[in-house]
Amino acid sequence: MGNTNLCTTVLPCLTFTTLYLAFLLLHLSNTFAINSPSPYTPVEIIILNCGSSDILTALDGRTWTGDVNLRFFLQELSQNQASLATNSLKQSSSAFSQVPYTTARLSVSPFTYIFPITSGQKFIRLYFYPAWYGNFDRSKALFSVKAGPFTLLRDFNASLTADADGDPNDTISREFCVNMEEDEGLNLTFTPSDLESFAFINGIEILSMPTNLYYTPPDNQGLTFIGQQNQYLIGNRTALETVYRINVGGSYISPTKDTGMFRRWELDVEYLIPRIYASPFNMTIELIFAEIPLYTAPQLVYRTARTMGPDKAFNKNHNLTWEFPVDSGFDYAVRLHFCEFQPELVDWHDRVFLIFIANQTAEEAADVMVWSGRRKGVPVYKDYAVSMVGKEGDREKKANLSIILQANPKDWNTSFNDAILNGIEIFKISDPSGNLAGPNPGPLPLTAPTAVPPKNLVEAKTYRATIIAVVGGGVSSFTILLILVVLIFRLAKRVNDSDNSTKVSGSTLPCSLSRCFSLPEIKLATNNFDNKFIIGTGGFGDVYKGYINGEVTPVAIDGNDEYVTDEDKYGRSCLH
Ligand SMILES: *[C@@H]1O[C@H](CO)[C@@H](O)[C@H](O)[C@H]1NC(C)=O
Ligand SMILES: *[C@@H]1O[C@H](CO)[C@@H](O)[C@H](O)[C@H]1NC(C)=O
Ligand SMILES: *[C@@H]1O[C@H](CO)[C@@H](O)[C@H](O)[C@H]1NC(C)=O
Ligand SMILES: *[C@@H]1O[C@H](CO)[C@@H](O)[C@H](O)[C@H]1NC(C)=O
Ligand SMILES: *[C@@H]1O[C@H](CO)[C@@H](O)[C@H](O)[C@H]1NC(C)=O
Ligand SMILES: *[C@@H]1O[C@H](CO)[C@@H](O)[C@H](O)[C@H]1NC(C)=O
Ligand SMILES: *[C@@H]1O[C@H](CO)[C@@H](O)[C@H](O)[C@H]1NC(C)=O
Ligand SMILES: *[C@@H]1O[C@H](CO)[C@@H](O)[C@H](O)[C@H]1NC(C)=O
Ligand SMILES: *[C@@H]1O[C@H](CO)[C@@H](O)[C@H](O)[C@H]1NC(C)=O
């Protein structure tokens, strides 16, 4: 009811809202460079906490600047405009108390942020927390987001998306890559889908990225186009959405542990079918970035991997398979990261394997040692493009994009009939009309949590009063309506990138010093590596809570610890 009320109150004065955002370019200081030995340092970083007037530091140490107080370059607006800065109301999620999810900017009419950024390729990250805002019903958040000519989201049902993703945290973050052709700035527009709905945003992050990290350089022939004769070019007039970024066989890598671009690297376990197979690692090998730039991926990605193990007979009858649900109707770019680091592997021909992407052959004889110039510890990656454009009408469906590694089935003179993969990045490529938006998730089962108003009515009433005050002010006073904007240039404060080796040391003890468990024992103890049993993340894997020998005492089991030492490198894990 409240939402309807507000719509009628607000609509007459809300037709189009433009938030003029400007910011000072703070150039990197020497101090910053010394404190942050990241391989890449973005020239521009905007980290905007929408609906806030404060400068707040998130748990990871990064500083978010509020967009509310008018500080720089406020421009005349030609129409009556308003959007609201508001606070989220507490729900079940712990996100309630976390920057940037504590506040939002929302509106029943379109609003635009104008970021005066320079030309070049940029990451745009959007953060959403579909909560109750005042008496704005979370299930009424339905909107589109455009960045310049690109449609990033269309009729985006934020609450449905958050409830359907299986993550207990109700927050949503999306990462896009766009290229700015001219120095004319970036307009980011949020448009509610209909008169019943509203648009909102909690946080916006924009940062420059290394040129042609994901786009095809001018002198390059492009990506291998799976199943096609021609190569595939990712040109400057396309936009990308990161759909998966995976540290295969390894741990979660948080944005502050990335190479300076604040990307997030997730686990592969959820996508691996079945969830067994070895995950070797080598925390001591000296990586040599001879083939690719140092900023390509964190070193941890190349120090951990997934393989099939040493059993040739087993390997010939099994495939290493990952399945990634994606929106059909788009082309996808797939980047596979590789690095050989196992002592038993000596030279080329030792490990030769086949790669299939979306059921089609991508490589008939992949040999990482050949790609890395016959040197171990030399990271490489391979780029592929694949079309998931199926039949007419498939546009609204999900499909699985599979990545399959098959040990060489022939009896080559290879020492290992095995395969290896260290990292996966999958990007959705915008269609010719500049669209990246897919369908919303299907309706939830009836048992799923439904949107309920916050129980704390006192709190809710307070916020409602606040919002109505803002709206009322807007009706009578044009100036107050220009809730605008700031700008920001925030050099992200990096958290001390503490050396992983310290955390890892406990797990590198030989098995003889600790109790060893077979993989089946560990799977039993952790309910087959059920995510519910994760109690923390170690240097190269999640730490699971397990119950051993029926005892009640929880113990820590490193889920990726199967190849721990030479004495026990195949399929067994150590418990310390
Ligand atoms: C794309 O744009 C970048 C800078 O924005 C430029 O360096 C690069 O050469 C362009 N690529 C092509 C293929 O024109
Ligand atoms: C959005 O999803 C919610 C479920 O979270 C549903 O109740 C609502 O009807 C959906 N809105 C639209 C416009 O489809
Ligand atoms: C949910 O949020 C809490 C609080 O920040 C965080 O510790 C936890 O890792 C998050 N869980 C997931 C699955 O993202
Ligand atoms: C952004 O929006 C403003 C105001 O609507 C417009 O003047 C400007 O041309 C737009 N810029 C771009 C790059 O679209
Ligand atoms: C790591 O790689 C180095 C160099 O190849 C090798 O000497 C060492 O034994 C490896 N360590 C492990 C645990 O595999
Ligand atoms: C492995 O995958 C390939 C390609 O999809 C398939 O031809 C082969 O039959 C699979 N092998 C097994 C054992 O599933
Ligand atoms: C790949 O093969 C599997 C099993 O045969 C099938 O279910 C799936 O639809 C195929 N995927 C594509 C993209 O063709
Ligand atoms: C994708 O694969 C998973 C696991 O095999 C399966 O549960 C799901 O139904 C598949 N989705 C589609 C659209 O085929
Ligand atoms: C066997 O290995 C050698 C190098 O060790 C290579 O020259 C030869 O081509 C390989 N034979 C086959 C059939 O792959």
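Keep in mind the model is a prediction, meaning the values are calculated, not measured. Here, residue 1 is the first one in the sequence, and each next residue gets the next number. Counting starts at 1 for both ligands and their atoms, in listed order.
- Atom 11 (N) of ligand 6 is flagged as protein-proximal [any protein heavy atom, distance under 4.0 Å].
- A distance of 9.5 Å separates CD1 in Ile253 from CZ in Arg263, rounded to the nearest 0.5 Å.
- Put simply, OH on Tyr252 and CD on Glu266 are 6.0 Å apart, with the number rounded to the nearest 0.5 Å.
- Atoms of ligand 6 lying under 4.0 Å from any heavy atom of Ile404, numbered from 1 in the order shown and given with element: 2 (O), 5 (O).
- Because its NZ or CZ atom is both nearer than 6.0 Å to the ring centre of Tyr381 and within 45° of the ring axis, Arg335 counts as a cation-pi partner of that residue.
- Taking every non-hydrogen atom of Thr211 and a distance limit under 4.0 Å, the qualifying atoms of ligand 1 come out as 7 (O).
- Between Trp265 and His337, the ring planes lie perpendicular to each other; the angle is over 60°, past the 30° to 60° tilted range.
- Of all atoms in ligand 5, listed by their number and element, those nearer than 4.0 Å to a heavy atom of Ile285 are 1 (C), 2 (O), 4 (C), 5 (O).
- Looking from atom 1 (C) of ligand 6 to the surrounding protein, the closest heavy atom is Asn319 ND2, 1.4 Å.
- Distances below 4.0 Å separate heavy atoms of Phe341 from the following atoms of ligand 5: 1 (C), 2 (O).
- Taking the ring centre of Tyr332 as origin, the terminal cationic atom of Lys428 falls outside the region bounded by 6.0 Å and 45° from the ring axis.
- Shown in contact with Gln121 at under 4.0 Å from a heavy atom are these atoms of ligand 1, numbered in order with element: 1 (C), 2 (O), 3 (C).
- A salt bridge does not link Arg351 with Asp367: every distance from a Lys NZ or Arg NE/NH1/NH2 to an Asp or Glu carboxylate oxygen is 4.0 Å or more.
- Atom 5 (O) of ligand 1 has its nearest heavy-atom neighbour, among Asn179, Asn212, Leu233, in Asn179.
- Taking a cut-off of under 4.0 Å to the non-hydrogen atoms of Phe356, the atoms of ligand 6 that pass are 3 (C), 4 (C).
- Judged by the 6.0 Å distance and 45° axis criteria, Arg125 is positioned over the aromatic ring of Phe123.
- Those atoms of ligand 1 with a heavy atom of Asn236 less than 4.0 angstrom away are 1 (C), 2 (O), 3 (C), 8 (C), 10 (C), 11 (N), 12 (C), 14 (O).
- Within the listing of ligand 6, atoms 13 (C) sit less than 4.0 angstrom from a heavy atom of Asn317.
- Ligand 6 has no nitrogen or oxygen under 3.5 angstrom from a nitrogen or oxygen of His318.
- With respect to Lys376 and Glu286, no salt bridge is recorded, no charged nitrogen being found less than 4.0 Å from a carboxylate O.
- Here the protein heavy atom with the shortest distance to atom 9 (O) of ligand 1 is Pro218 CG, 3.2 Å.
- Which parts of ligand 5 touch Asn282 is read off a 4.0 Å heavy-atom cut-off, strictly below it: atoms 1 (C), 2 (O), 3 (C), 8 (C), 10 (C), 11 (N), 12 (C), 14 (O).
- In this structure, atom 7 (O) of ligand 6 has its sub-4.0 angstrom surroundings free of protein heavy atoms.
- Taking the six-membered ring where tryptophan is involved, the planes of Tyr214 and Phe427 are tilted, since the angle between them lies from 30° to 60°.
- The residues Arg264 and Glu175 are annotated as not salt-bridged, no charged nitrogen and carboxylate oxygen being separated by less than 4.0 angstrom.
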